[in-house]
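Within every chain, numbering begins at 1; the chains are lettered A, B, ... in the order of the sequence lines, protein sequences first and strands thereafter.
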2 protein chains.
Amino acid sequence: MRTETGSRTATLSDVAQRAGVSIATASKAMNDRDDVAAATRTRVLAAAEELSFTPNAMARGLLAGRTGTVGLLTSDLEGRFVIPILMGAEDAFGAGQVNVFLCDARGDAIREQHHLKALLSRRVDGIIVVGRQTDPRPSLGGDVPVPVVYAYAPSDDPRDISLTPDNVTGGRMAVEHLIACGHTRIAHISGDPAYAAAQDRLTGAREALSVAGLELVGEPLFSAWTEHWGRDAAALALQRHPDIDAIFCGSDQIARGVLDTARELGRRVPEDLAVIGYDNWTVLAENTRPELTSIDANLQQLGRRAARCLFDAIGGDAPTPGVRHLPVKLVIRGSTIERR
Amino acid sequence: MRTETGSRTATLSDVAQRAGVSIATASKAMNDRDDVAAATRTRVLAAAEELSFTPNAMARGLLAGRTGTVGLLTSDLEGRFVIPILMGAEDAFGAGQVNVFLCDARGDAIREQHHLKALLSRRVDGIIVVGRQTDPRPSLGGDVPVPVVYAYAPSDDPRDISLTPDNVTGGRMAVEHLIACGHTRIAHISGDPAYAAAQDRLTGAREALSVAGLELVGEPLFSAWTEHWGRDAAALALQRHPDIDAIFCGSDQIARGVLDTARELGRRVPEDLAVIGYDNWTVLAENTRPELTSIDANLQQLGRRAARCLFDAIGGDAPTPGVRHLPVKLVIRGSTIERR
DNA sequence: CTGTTAGCGCTTTCAA
DNA sequence: TTGAAAGCGCTAACAG
C-alpha cells in the first residue's frame, strides 16, 4: 500500500454512481449480460476502469455458493512432488480462474486437521491431498463436505478417488529397456523395502524379466534412498556377481551412487554396465556422467488429471472411486545407450 | 463428497435454531464473547458440534474487511526457494490462522498480472512476491491496494519493501572460513556473471581476502551454474595454478563438479584442497564425498521475516521501505574440515 | 444476558 | 432496458 490515497477499494456501488446507473445495472454491465444498452455498458466499463474496480470475489462467492478456490493439502516438505502437481492443477483450471490454497501439514495429523478446518471455513470448492510416498495414507474421511482427490499417495479408503503413478509399469519399463539394450545380467538396488514404491517397482521388474525368461542377478538390495547406499550396494553387488551388466536402481539418488562406484571400479557405462534410475529428478539425472536414463512419473500430468477429476466431482458427476494408476514414461540418456 | 446426505453445509442460523437461541447469540457464543450465559454457550457449542458447523470465512471477511489470506506470487518454477519461504510464512502466521494462495507466474509477466488480479479480487490482505534470483525484479507498482513484500528477488523500486539474502556477507563468510582453516591459495569458480548473486558473492570473497592481505588465485571463473562447468573449471584452474589449496564455489552444483574433478586428479579433500559451496542444497551437499561445506541462505527464516513484515504492513505500521539483506549461515561439513 | 436491526458487496428476481 | 428490493452468512451496535 505504497500510495495510500485514503480511498478504500472501489465497490460496485462506486462504479454505478460514477456511471450514473443503478448497482444492478452496473452488475449486469460488468458481467456481460445482454440486457444492457451498449452505451450504458461502455459507460460502466469506463467508470470501472477509472476507479480500477476489482469485483469482490468473496461477496460474489457468498451468493454463488462456490468460491473458485481449491485447497492443496500436502505433507511433501521438499515440494519435489507437490510443485509439479500444483502446476498441473493450475494448467487444468486455467490461470486465474481458480486459485489454490497451499497448506503444508508437515506430516503431522493435528496440523492437517487444522488446515482442513481452515480450508473448509474458506469454503474451498474441493481439495487435493498430496502425499510424499505412494503408500496409501489415511483418508480424510467421508464427512468432508467437498470433493477430495488424492494425488501421489492414494487414500486407504477405496471409496475415495486416488491418482498415483504406476510404479509396477515403471519397473517393467525400466527392465524392458535394459533387456532391449541387450542386457541379461540385471541386478536391482533400491531403497527402503517398506515403501510400496520399492515393492511395486520390483514387481514390475520381475514381470519384465520373467517374460524374457530371465531372473534378477542376486537378491534385490534394499536399504535407504541415498547415494551412499547406492555406492555401497553397487560395490557389494559387483563383487558378488562380477558378470552383472545392468543395474536397475529404485531412485535417481541411488543410481548416482551406483554410477560413482562403477566409475571407480573402472566399469564403462553404458558399455560394460548400464544403469537406470527412477524419478527423473533432473538436477541429479542430467548431471551424472554419462547422464542418467530414468523413469519419469509425469507428475505435472498427474496434477492436471487430479484437477480435472476434482472439477468433475465439483460439477456433480463424480468420477468412479478407487485408485487410478497413471502412466509413467522412460527418459533415455547416456547411462543406458551409448552416445556417438 | 462421499456421503452426500442431501444437506448443504450448516449455517449459523441452523445452529441457532437447534440451540433455540437467536443468530446473534449463537454468534457471540461461538466467538467466545463474554456476554453470554455459560449454559447458553454450552448449548450452542453442542449444536454446532452436532451439525459440524464451520463458520463461513467469506461472510466473516465481507464484514471484517480482512480475509486472513495472503498471496504468494512466485516465478520460481522448481520451488527450491519458494517452499522454504512458504513454510516460514506459515510458521509466522500460525497454521490455520492465515491461508496462503500460491500462484506460479512461470516467469511470464502476463500470467503474473492475471494472478495478481485474481488475488486482488479474492481480497488477500497482502502479497509476498518471490523471485528465483537475487537480481532486482520489476515492482508490481504502487497502485496495488494491499501491502506487498518482495522476498529473495528484491523489487527494483526502493519504495517497496524487499528482503533478500546477504550474498556479500555470504561470500565473505565462505572465504573467512577457508582462511581460518589455514588456506591462502584460494580460487573462485562461479556461475553466470550476469547474476547479482555471482557478483555479490565475489565481492564478499574479495573483502575477506583483502582483510587477510591475500588475493584470489587467478581470475574468477564464470560460466554456468552446473556440475559440468564445475568439473571443467576445476580442471582448468588446477592446471593453471597447481598450488591452489581451496576453491570457493558459487553454488553447490558447481562445487559438486569441482569435487569430482579433485577426486579424479587425486587431490585429497579437504587436506590438499578445501571446497566450499553455496546454497546448502542438501540433496547435493549431503551426498558428496566428503560432504560439502556450504553457505545456507536461511530461506525459511527469510519467509518468516517476510510474513512478519507483511503482517506489520497490514496492521498499518509500514516497515521502512528498501532492501533488507538478511543473514546467511555457514554449514560446515567434511569438504573443508577433516573428520576424525 | 438476549434478541432485533442494519449492513459488508454482490447477484438476481421482478416490476416499472 | 433499467432499478428497487431481497438476501447470501455473518458481526456489531443497540435496545429490551
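Side-chain contact check for A/Thr69 and A/Thr67: at least one donor-acceptor pair (N or O, by modelled atom type) lies under 3.5 Å.
Here the P atom of nucleotide D/dT11 and the CZ atom of B/Phe53 are 7 Å apart, to the nearest Å. At whole-Å resolution of the value, CZ in B/Arg122 and C1' in C/dG9 are 15 Å apart. Taking atom CZ of residue A/Arg123 and atom P of nucleotide D/dG9, one finds them 9 Å apart after rounding to whole Å. A straight line from CG of A/Asp32 to C1' of C/dT11 spans 15 Å, rounded to a whole angstrom. When rounded to the nearest whole Å, the span between CG of A/Leu120 and P of D/dG9 equals 16 Å. To the nearest angstrom, P of D/dG9 lies 10 Å from CG of A/Leu63. Rounded to whole angstrom, the span from the CG atom of B/Asn31 across to the P atom of D/dA12 amounts to 7 Å. Nucleotide C/dG9 holds its C1' atom 12 Å from the CE atom of B/Met58, rounded to whole Å.
OP1 and OP2 of C/dT4 both lie 4.0 Å or more from every side-chain N or O belonging to B/Ser22. Contact check, A/Ser13 against C/dG9: no side-chain N or O comes under 4.0 Å of OP1 or OP2. Dashed line: the shortest gap from a side-chain N or O of A/Thr11 to OP1 or OP2 of C/dG9 is not under 4.0 Å. A sub-4.0 Å separation between OP1 or OP2 of D/dT11 and a side-chain N or O of B/Arg60 is present. For C/dT2, the OP1/OP2 oxygens have no side-chain nitrogen or oxygen of B/Thr25 closer than 4.0 Å. Residue B/Asn56 places no side-chain N or O under 4.0 Å from the OP1 or OP2 atom of D/dC8.
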Checking side chain to side chain contact (heavy atoms under 4.5 Å, CB included) for the pair B/Leu302/B/Leu326: CA distance, chi angles, key distance, verdict? CA-CA 7 Å; B/Leu302 192 141; B/Leu326 298 195; 3.8 Å; yes

With side chain to side chain contact (heavy atoms under 4.5 Å, CB included) as the test, would you mind laying out the steps for A/Val130 and A/Leu73 before giving the verdict? CA-CA 6 Å; A/Val130 181; A/Leu73 194 51; over 6 Å; no

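The residue B/Ala24 sits close to a base: some heavy atom pair falls under 4.0 Å. Residue contacts for B/Asp35: at a heavy-atom cut-off of 4.0 Å it reaches a base atom on one of the strands shown. Residue B/Arg33 is classed as a sugar-phosphate contact, given heavy-atom separations below 4.0 Å to backbone atoms only. Nucleic acid contact for B/Arg66: none, since no nucleic acid atom lies under 4.0 Å from a heavy atom of the residue.
When atom types are taken as modelled, the side chain of B/Asp76 and the backbone of B/Phe81 share a donor-acceptor pair closer than 3.5 angstrom. No donor-acceptor distance shorter than 3.5 angstrom exists from the side chain of A/Ser52 to the backbone of A/Glu49, with no hydrogens or angles considered. Using modelled atom types, no side-chain atom of B/Arg60 and backbone atom of B/Arg66 make a donor-acceptor pair closer than 3.5 Å. A distance-only check finds a donor-acceptor pair linking the side chain of B/Arg122 to the backbone of A/Gly68 [under 3.5 Å].
Each end of the helix from C/dC1-D/dG16 to C/dA16-D/dT1 yields a helix axis from five base pairs, and these two axes differ in direction by 50° (to the nearest 10 degrees).
Ranking D/dA13, C/dG9, C/dC1 by closeness to the B/Lys28 side chain, first place goes to D/dA13. Counting only heavy atoms from C-beta on, A/Leu62 has its side chain closest to C/dG9 among C/dT4, C/dG9, D/dT11.
Each of A/Asp157, A/Asp160, A/Asp156 was checked for a side chain to side chain donor-acceptor pair (under 3.5 Å) with A/Ser139, and the lone residue meeting it is A/Asp160.
Heavy-atom distances to DNA chain C give each of B/Arg41 and A/Ile23 a nearest nucleotide, and the one nearer the 5′ end belongs to B/Arg41.
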